[in-house]
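To start, the structure itself, in structure tokens.
As a basis for the values below, the full set of heavy atoms in this structure was taken, side chains included, without hydrogen atoms, waters or symmetry mates. Everything numeric here is computed off the predicted structure, so don't read it as measured data.
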Amino acid sequence: MIETKFRWKKLIRDVLNKIAGLKGIIGDSFSENDVIIQTPPRPELGDLAFPMFPYAKKLRASPLEIAELVSIELNKNKDSLLSAEVVNEGPYINIKLPKSNFSKYTLHKILNEKTKFGTSQTLAGQKIMLEFSCPNTNKPLHLGHLRNDAIGESVSNILKANGAEVRKVNLINDRGIHICKSMLAYQKFGKGSDPESEGVKGDHFVGKFYVMFDKWARENIDAENRARELLLRWERGDPEITELWRRMNNWAVSGINETYRRTGVSFDKVYYESETYGRGKEEVLKGLERKIFYRDEESTIWVDLKEIDLDKKVLLRKDGTSLYLTQDVGTAVIRHEDWPFDRLIYVVASEQKYHFIVLFYVLKKLGFEWAENLYHLSYGMVNLPEGKMKSREGTVVDADNLLDQLIAIATEEIKSRGREKEVKNLKQTSEKIAMGALNYYLLQVSPSKDMIFIPEESISFTGNTGPYLQYMGARISSMLRKFEDRKDKFKDGAFKPELLTVKEEWEIVKLLAMYPEETEKAAEELNPSIITNYLYNLSRVFSRYYHDNPVLHNKDPNLVVTRITLVKAVLQVLKNAFILVGIPFLENM
RNA sequence: GUGCCCAUAGCUCAGUAGGAUAGAGCAUUAGAUUGCGGAUCUAAAGGUCGGAGGUUCGAAUCCUCUUGGGCACACCA
């Protein structure tokens, strides 16, 4: 569709210029960028629409007159129209594309390009690093991480589909005051227990102690001070503390990795804050020497942000220990040395906007010219119908727990439909349905917006959901299997695009042809919801179509083969798009 | 207090480099299986696009003001 649209833009541009010439209007000529192209509100009106309002002033004529003139001009050169039909609809020029040719071209293109259909080279040669997830090692993953991971994985796939070389990176926040808190609680209450002895997943085990600290600190005023002491000992490399830290981190990280495995999240490189904060300190001290930062009388190191109309910010505490910001400076520098990226995208919640403004500024002041290529892909908060998730009130939705529930419900659904035999592997299928539901639910909202997570809705499998899309895929697969079984019955059939006369068939072909534009737009905007919306539109039209129009039950083998070709193309595009938004494809469900 | 973001149907969301009658799902109501899988499909009902000005031939979309909500402005991450 991109090529078609481009050709039409140029054609309309030429006609507008010709009209300007005939009217003896001198001045700037029209360029193809002046030509506005749209889709008519109702398909009966045509396939492409060009409003004529914008040219009225320059051509000193009413949009109605212009439309009249343009349609006359276009119809003069029939052969340049690629057999399309021009309709003059009031102030609009509408184009009806030649259905047979366009259908044939589109379907063949899809079936030839297969998994390549909808990929582009718009980002070819670009090295893009994508940071996401970034868990703390003091608690298990929660719903917020699931949204983060879903966006991270999806954006990574979308960028790859547009030719970029993508490197997915994680940053484990395994140091800092919060980690010391759970360590302190473990020292106090742990009694040498471990996840195995308690039969608890490692990250949940560690998380329990973080909660304990919180409770304990409310009754003991020196708790916070003791945590700070512990941080100092840790940063000085105290062997006993280091040993405890290592043990607890291993528990947490292995538990978190288990959740990643379940959700299909992976990274090309995992960074650990404990390994990068030192570099951050070095860079800050270098900046201090170069007088980019300053030290106060207590020897705390600060950066002044008045150049960007902000206050000032601590980079190193007076005891020399580092902060979140310090560490992020070091991580960025190391990353660029490891893999000199053209862009680094941080997928991080919107509440940290300020942090990234400061981080990017500090890196720029330190003289790293690549600081210009850092981007914070900020996504909105996930809230519950009752309001914010609050750890103190125990309303935080735990990732593992949610997954378990989703899978259990999927299993129930399969059983209640009596499809245990067909799905072969009940457990695996349930997991895939659960992931399809979850990823679709999390990605259908534009990343920048806050969203409300309604548990009942996220696990609903009817309507606008991931499983609805998976169901389409399964139905089509089933249909294609039946076609293969009876193939000799249709062996005389041939693909004849002129047989695609049903209204929905034409709608489907146009939607299929639009898919490459959607993936490009999704990459440009770093927005997976463009793909989820597209998938739903395609599936909905297709459902309506095959509900009312038999594909295999036709006497004419040509019609069967022709419709099967369309169906195959739909399936191919569904599969291609599924990959971009983390919806597992299922032959059976 | 200052800055940033958001506000579209009862609920959850689409639609924003301005364009023809603002769309879905859920929920509600009424229908469709002698058909390739009913996790489906059809239809009804549901809206002064938070409010007021402005720019424009034309505004959910752009500008100003205003109301309501969220986030940030930590020597937490």
Side-chain angles (χ1 to χ4, degrees), chain A residues 33 36 38 40-42 45 49 51-54 56-57 62-63 89-92 94 134 136 138 173 175-179 181 228 273 298 300-302 305 309-311 313-319 321-325 327-328 349-355 357-358 378 380-381 383 385 388 410 413-414 416-417 419 422 433 441 444-446 448-454 456-458 460-465 467-472 474-483 486 529-530 532-533 536-537 540 543-554 560 563-564 567 588-589:
Chain A
N33 291 331
I36 292 162
Q38 311 177 312
R42 278 165 291 131
L45 292 171
M52 292 293 124
F53 305 98
K57 205 168 267 176
S62 76
E89 288 278 354
Y92 292 86
N94 287 352
C134 303
N136 292 331
N138 63 342
N173 294 303
R175 61 155 291 286
I177 195 84
H178 56 297
I179 304 298
K181 288 177 180 175
R228 252 191 301 277
E273 206 183 297
E298 289 195 300
T300 301
I301 299 176
W302 297 82
L305 303 169
D309 289 323
L310 297 172
D311 206 1
K313 187 99 180 166
V314 171
L315 292 174
L316 277 179
R317 295 190 186 97
K318 65 183 174 205
D319 63 5
T321 58
S322 45
L323 292 100
Y324 180 46
L325 187 62
Q327 163 281 127
D328 248 356
S350 59
E351 56 187 356
Q352 294 192 34
K353 276 184 174 174
Y354 181 82
H355 168 74
I357 290 169
V358 177
S378 147
M381 313 299 298
N383 297 314
K388 277 197 72 157
E413 292 287 328
I414 294 167
S416 73
R417 290 177 167 81
R419 294 197 56 82
E422 283 88 344
I433 292 173
Y441 190 80
Q444 64 175 325
V445 182
S446 302
S448 64
K449 291 199 176 176
D450 287 352
M451 66 180 285
I452 297 179
F453 184 88
I454 303 172
E456 313 86 68
E457 221 166 85
S458 75
S460 155
F461 298 157
T462 58
N464 187 356
T465 65
Y468 169 81
L469 304 175
Q470 289 174 313
Y471 178 70
M472 279 310 110
R475 285 293 299 275
I476 294 173
S477 304
S478 165
M479 196 188 289
L480 292 177
R481 280 193 298 272
K482 290 209 161 68
F483 174 75
R486 307 173 200 169
S529 77
I530 289 170
T532 55
N533 280 324
Y536 183 67
N537 285 334
R540 211 162 47 93
S543 304
R544 199 192 314 146
Y545 167 65
Y546 89 119
H547 192 268
D548 301 332
N549 300 280
V551 174
L552 298 174
H553 300 275
N554 282 301
V560 173
R563 286 188 171 173
I564 279 290
V567 167
N588 280 297
M589 64 187 282

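Rounding to the nearest 0.5 Å gives a distance of 12.0 Å between CE of A:M52 and OG of A:S62. Atom OH of residue A:Y545 and atom CZ of residue A:R563 lie 4.0 Å apart, to the nearest 0.5 angstrom. Between the CG atom in A:N383 and the CD1 atom in A:I454 there is a gap of 11.5 Å [rounded to 0.5 Å]. One distance of note links CG of A:L552 with NZ of A:K482; it measures 8.5 Å at 0.5 Å rounding. Between the CD atom in A:E422 and the CZ atom in A:R417 there is a gap of 12.5 Å [rounded to 0.5 Å]. In this structure, A:I476 CD1 and A:M472 CE are separated by 7.5 Å, a value rounded to the nearest 0.5 Å.
A:L310 places its CG atom 15 Å from the P atom of B:A72, with the value rounded to the nearest Å. The distance between atom CD of A:Q352 and atom C1' of B:G70, rounded to the nearest whole Å, is 16 Å. Straight-line distance from the CG atom of A:D319 to the P atom of B:C75: 13 Å, rounded to whole Å. The distance from atom CD of A:E351 to atom P of B:A72 is 6 Å, rounded to the nearest whole Å. In this structure, A:H547 places its NE2 atom 10 Å from P of B:U33, rounding to the nearest Å. With rounding to whole Å, A:Y354 atom OH is found 10 Å from B:A74 atom C1'. Atom CG in A:D311 sits about 11 Å away from atom C1' in B:A74, given to the nearest Å. At whole-Å resolution of the value, CZ in A:R563 and C1' in B:G35 are 13 Å apart.
A sub-4.0 Å separation between OP1 or OP2 of B:C41 and a side-chain N or O of A:R544 is absent. Taking only side-chain nitrogens and oxygens, A:K181 never comes nearer than 4.0 Å to OP1 or OP2 of B:A77. Distances shorter than 4.0 Å separate some side-chain N or O of A:Y471 from OP1 or OP2 on B:A39.
Within 4.0 Å (heavy atoms only), A:L315 reaches no atom of the nucleic acid at all. Base engagement by A:S478 is indicated by at least one non-hydrogen atom pair under 4.0 Å involving a base atom. Residue-level contact check: A:T300 touches the bases, meaning some heavy atom is under 4.0 Å from a base atom. Residue A:I414 is in base contact, counting any heavy-atom pair closer than 4.0 Å across all strands shown. Within the nucleic acid shown, A:N138 has no heavy atom closer than 4.0 Å to any nucleic acid atom. Base contact: A:L552 has a heavy atom under 4.0 Å from a base atom. Within the 4.0 angstrom heavy-atom criterion, no nucleotide atom of any strand lies near A:A56. Residue A:Y468 is classed as a sugar-phosphate contact, given heavy-atom separations below 4.0 Å to backbone atoms only. Residue A:N588 is classed as a base contact, given a heavy-atom separation below 4.0 Å to a base. Among the heavy atoms of the strands, none lies under 4.0 Å from A:P385.
Under 3.5 Å, the side chain of A:R419 and the base of B:G37 form at least one donor-acceptor pair of N or O atoms.
Relative to the side chain of A:I177, the nucleotides B:C57, B:C41, B:A77 differ in distance, and B:A77 lies closest. Of the listed nucleotides (B:A39, B:G37, B:A77), B:G37 has the atom at the smallest distance from the side chain of A:A474. In this structure, the nucleotide among B:A32, B:A39, B:C5 sitting nearest to the side chain of A:K353 is B:C5. Considering only the side chain of A:E413, B:A39 comes nearest among B:C36, B:A39, B:A72. Among the nucleotides B:G38, B:A77, B:C41, the one closest to the side chain of A:R475 is B:G38. Closest to the A:H178 side chain, of the nucleotides B:C41, B:U40, B:A77, is B:A77. Taking the side chain of A:E273 as heavy atoms from C-beta on, and the options B:U40, B:A77, B:A39, the nearest nucleotide is B:A77. Distance from the side chain of A:Y324 is smallest for B:A77 among the nucleotides B:C41, B:C71, B:A77.
We find that the ring of A:Y536 and the base of B:A24 do not stack by the test of centres under 5.5 angstrom and planes tilted less than 30°.
Nearest-nucleotide mapping onto RNA chain B: of A:K388 and A:P63, the residue sitting toward the 5' end is A:P63. Taking the nucleotide of RNA chain B with the nearest heavy atom to each of A:P467 and A:Y545, the more 5' of the two is matched to A:Y545.
If you take atom C1' in B:C5 and the same atom in B:U16, they sit 15 Å apart, rounded to whole Å. The same atom, P, is picked in B:G70 and in B:U28; the two are 31 Å apart, to the nearest Å. B:A9 and B:U48 have their C1' atoms separated by 13 Å, given to the nearest Å. Distance check on atom P: B:U56 versus B:G68 gives 32 Å, rounded to whole Å. Distance noted for atom P between B:U21 and B:A39: 39 Å (whole Å). Comparing B:G10 with B:A45, their P atoms sit 15 Å apart, to the nearest whole Å. The C1' atoms of B:U33 and B:G47 are separated by 35 Å, rounded to the nearest whole Å.
Side-chain contact of A:D328 with A:H355: a donor-acceptor pair under 3.5 Å is present, judged by distance alone.
With A:D319 contributing its side chain and A:T321 its backbone, the two residues share a donor-acceptor pair below 3.5 Å.
B:A17 shows a glycosidic angle within 90° of 0 and is accordingly assigned syn.
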Shorter than 3.5 Å, N or O on both sides, protein versus nucleotides 20-22 of chain B: list them out with atom names.
| residue | atom | partner | partner atom | Å |
| --- | --- | --- | --- | --- |
| B:A20 | O4' | A:Y92 | OH | 3.4 |
| B:A20 | N6 | A:N94 | OD1 | 3.0 |
| B:A20 | N1 | A:N94 | ND2 | 3.3 |
| B:U21 | O4 | A:R42 | NE | 3.1 |
| B:U21 | O4 | A:R42 | NH1 | 3.0 |
| B:U21 | O4 | A:R42 | NH2 | 2.7 |

Give every pair of a protein N or O atom and an N or O atom of nucleotides 11-14 of chain B that lie under 3.5 Å apart, one pair per line with the distance.
| residue | atom | partner | partner atom | Å |
| --- | --- | --- | --- | --- |
| B:C13 | OP1 | A:I452 | N | 2.5 |
| B:A14 | OP1 | A:S446 | N | 2.6 |
| B:A14 | OP1 | A:S446 | OG | 3.3 |
| B:A14 | OP2 | A:K449 | NZ | 3.3 |
| B:A14 | O2' | A:N533 | ND2 | 3.1 |

*Nucleotide-level pairing of RNA chain B, given in dot-bracket where Watson-Crick and G-U pairs need both distances under 3.5 Å and | marks other strands*: (((((((..((((.....[...)))).(((((.......))))).....(((((..]....))))))))))))....
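In this structure, A:Y468 has its ring center closer than 6.0 angstrom to the ring center of A:Y536.
Looking only at side-chain heavy atoms (C-beta outward), A:Q327 and A:S322 stay at 4.5 Å or farther from each other. Side-chain contact between A:L480 and A:I564 is present, with at least one heavy-atom pair separated by less than 4.5 Å.
Pairing each heavy atom of A:D450 with each of A:V445, the nearest pair is O-CG1, 4.4 Å.
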